[in-house]
Protein chains: 2
Amino acid sequence: MQEDVAVQRDHVGSLAKGLAVVEILSRAPGGLRLTEVAELAGLTRAGARRLLLTLVAEGYAEQRERRFVLSAKLLSVARSYIGEASVWSYATPILRGVSEALGESCSAAVLDGEDVVYVARAAGRRIVSVQLAVGARLPAYCTSMGRVLLSGLDAAELAGFLEKASIGTNTPNTVTDRQALAGLVAEAGRAGYAIVDQELEIGLRSIAVPVRDRAGRICAAVNVSTQAARFSCDEMHGTILPLLKQAAALIEDFLALQ
Amino acid sequence: MQEDVAVQRDHVGSLAKGLAVVEILSRAPGGLRLTEVAELAGLTRAGARRLLLTLVAEGYAEQRERRFVLSAKLLSVARSYIGEASVWSYATPILRGVSEALGESCSAAVLDGEDVVYVARAAGRRIVSVQLAVGARLPAYCTSMGRVLLSGLDAAELAGFLEKASIGTNTPNTVTDRQALAGLVAEAGRAGYAIVDQELEIGLRSIAVPVRDRAGRICAAVNVSTQAARFSCDEMHGTILPLLKQAAALIEDFLALQ
DNA sequence: ATACTTTTGTTCGCAATACGAACACAGGAG
DNA sequence: CTCCTGTGTTCGTATTGCGAACAAAAGTAT
């Protein structure tokens, strides 16, 4: 309670309200009228008008007849923010956020031939943890990220992959039947995630989601790998999946500007 | 003067200052300390601190030890400008069609202050190619899209622009005489396209056409940029211009429905 | 065309919000 | 350790942003 009061004291309400107006405009590509903005922002017309006129004066919005629309300036400021960063250097702190929230390893990979290749990672803090570095390769058919990435192939590509891939039995849980694998990949595509349960290595369970580029194609995957003893499959779905989806979305924001 | 007073009355200074802080942070990838932000923004520490804490509270910045850095939220909000519902999302495959036909980079931009801001692009397949991403800014006066966009201003607006714009000599080819620039803009308006030949950078040649909104106003431009060694100005006119006009027409079809 | 309704723009008194100065506390450098 | 610099907190207050009310403009229906 005391903390709330302190936060309140150092909070500039006009700035917060102005940012809320920016967000409202950002969701309205056709622009909004003053009254619409006021309603959506929960402000009086006079208050909303001041904020809108300030945004116009500062170059963030434009007034076109009776509508206010965001200008390209915000895009330009965002470009300035990401500068020359590559997607994977940009993504690493995002993965680290997930990793720290869970204490587990969080990684990103792309598909390369029959394998997934790790392109970014944040290590978990546990002693027993996944030890895969950037550049490491694992077979796509029996890894969560591989399943997700394969779900982005078209039917002919996937059929070709399954026909040619070297498929071995790593553990008693490994699915090796190529038809069954096709089904698991399709399921990953439909569900928007894949869980692989001790198929690569006994004790290793992981969950992955896709990362899509601006054109909507799956171009990478992000995952969390844990010891099977620590998270059940249900817990992965309930606890980890939302964090991964959020991370993927943040990376996709970056990719949208490429 | 009366206008200045009226503008002042409806101006929310706290919002303007907060946005200035966002811009300062956007140019500091490693983050800035409170004192640094205060100096750069011309604020007291207490004032800067409030704005920073508000940005943190609203999710736009993060405090990492003693440094404040922008968060990815800005990217997420900015992304909406070019998101699924926008004309630029619709336009990107059109630009890609042009880009693939020519092997060159094809982009769209809008006017923002003295600059053009890139809002969509399709990269060329050549190794030596234009490296400008969405959100990038270039000065309007010496770029093909800038010339086309400026031709959509009325005479008073254009005179005001030419009077105030920062004009420098980028290359020996750069036209810097403000009268001559007025002539080039007028010519772009009459001809319906502009070619800029090594005025921004030696070796860079580009051609642009306007995109008009439903009311017939020039609201954007599309261009193709190439190495001067690959296309002469005549070839640009003969080969590229028709493709660009077609692309602009397709985008205008979308805009006609807004 | 007119009449009515809705929306936007303007003004003004005022309270609450944002302000800066001063002090306390924390962190860094030598 | 001491000294310096930077950050966090408090508090009185003035200025900034507020909303209500009215005027003007735009939109809609007949």
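Just so it is clear: chains get the letters A, B, ... in the order the sequence lines come, proteins before strands, and each one is counted from 1.
- Applying the ring-ring contact (aromatic ring centres under 6.0 Å, His included) test to pairs two or more places apart or on separate chains, none has a residue in residues 13-62 of chain A.
- When the P atom of dT10(C) is taken as reference, atom CG of L53(A) falls 9 Å away, rounded to whole Å.
- Spacing between atom CZ of R67(B) and atom P of dG8(D) amounts to 13 Å, rounded to whole angstrom units.
- Listed by first then second residue, pairs satisfying side-chain hydrogen bond (donor to acceptor under 3.5 Å, both in side chains) with a partner in residues 44-53 of chain A read R49(A)-D10(B), not counting sequence neighbours.
- In the helix from dA1(C)-dT30(D) to dG30(C)-dC1(D), the end axes, each obtained as the rotation axis mapping the C1' atoms of four pairs onto the next four within a five-pair block, lie 60° apart to the nearest 10 degrees.
- The residue E65(B) sits apart from the nucleic acid: no heavy atom pair falls under 4.0 Å.
- Considering all non-hydrogen atoms of both residues, D115(B) and P139(B) come closest at OD1-CA, 3.5 Å.
- Annotation: side chain to side chain contact (heavy atoms under 4.5 Å, CB included) contacts of Q63(A) (sequence neighbours excluded): L53(A), F68(A).
- E58(A) is linked by a salt bridge (charged side-chain N to carboxylate O under 4.0 Å, His left out) to nothing, counting only residues two or more places apart in sequence or in another chain.
- Applying the salt bridge (Lys or Arg N to Asp or Glu O under 4.0 Å) test to every pair with at least one member in residues 29-39 of chain B, sequence neighbours left out, gives these pairs: E36(B)-R67(B).
- Annotation: salt bridge (Lys or Arg N to Asp or Glu O under 4.0 Å) contacts involving residues 12-31 of chain A, sequence neighbours excluded, comprise E23(A)-K73(B).
- Distance L51(B) CG to dG8(D) C1': 16 Å, rounded to the nearest Å.
- DNA chain D lies under 4.0 Å from at least one heavy atom of each of the following residues of residues 28-48 of chain B: R33(B), L34(B), T35(B), R45(B).
- Taking atom CD of Q63(A) as the reference point, atom C1' of dA26(D) lies 14 Å away to the nearest angstrom.
- Closest heavy-atom contact between I207(A) and M236(A): CD1-O, 3.7 Å.
- The shortest distance between the side-chain N/O atoms of R66(B) and the OP1/OP2 oxygens of dG27(C) is not below 4.0 Å.
- One interatomic measurement links the two molecules: CZ of R49(B) to P of dC19(C), which rounds to 13 Å at whole-angstrom precision.
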Protein-nucleotides 12-17 of chain D N/O pairs closer than 3.5 Å?
| unit_1 | atom_1 | unit_2 | atom_2 | d |
| --- | --- | --- | --- | --- |
| dG17(D) | OP1 | G13(B) | N | 2.7 |
| dG17(D) | OP1 | S14(B) | N | 2.8 |
| dG17(D) | OP1 | S14(B) | OG | 3.3 |
| dG17(D) | OP2 | H11(B) | O | 3.2 |
| dG17(D) | OP2 | G13(B) | N | 3.4 |

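- Applying the ring-ring contact (aromatic ring centres under 6.0 Å, His included) rule to pairs touching residues 71-90 of chain A yields Y90(A)-F254(A), sequence neighbours excluded.
- Residue pairs satisfying the salt bridge (Lys or Arg N to Asp or Glu O under 4.0 Å) criterion with at least one member in residues 92-109 of chain A, sequence neighbours excluded, are listed as follows: E104(A)-R126(A), E104(A)-R230(A).
- Computed from coordinates, the D10(A) CG to dG8(D) C1' distance equals 8 Å when rounded to whole Å.
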Result block: side-chain N/O donor-acceptor pairs under 3.5 angstrom for residues 245-253 of chain B, not counting sequence neighbours:
| unit_1 | atom_1 | unit_2 | atom_2 | d |
| --- | --- | --- | --- | --- |
| E252(B) | OE2 | R212(B) | N | 2.7 |

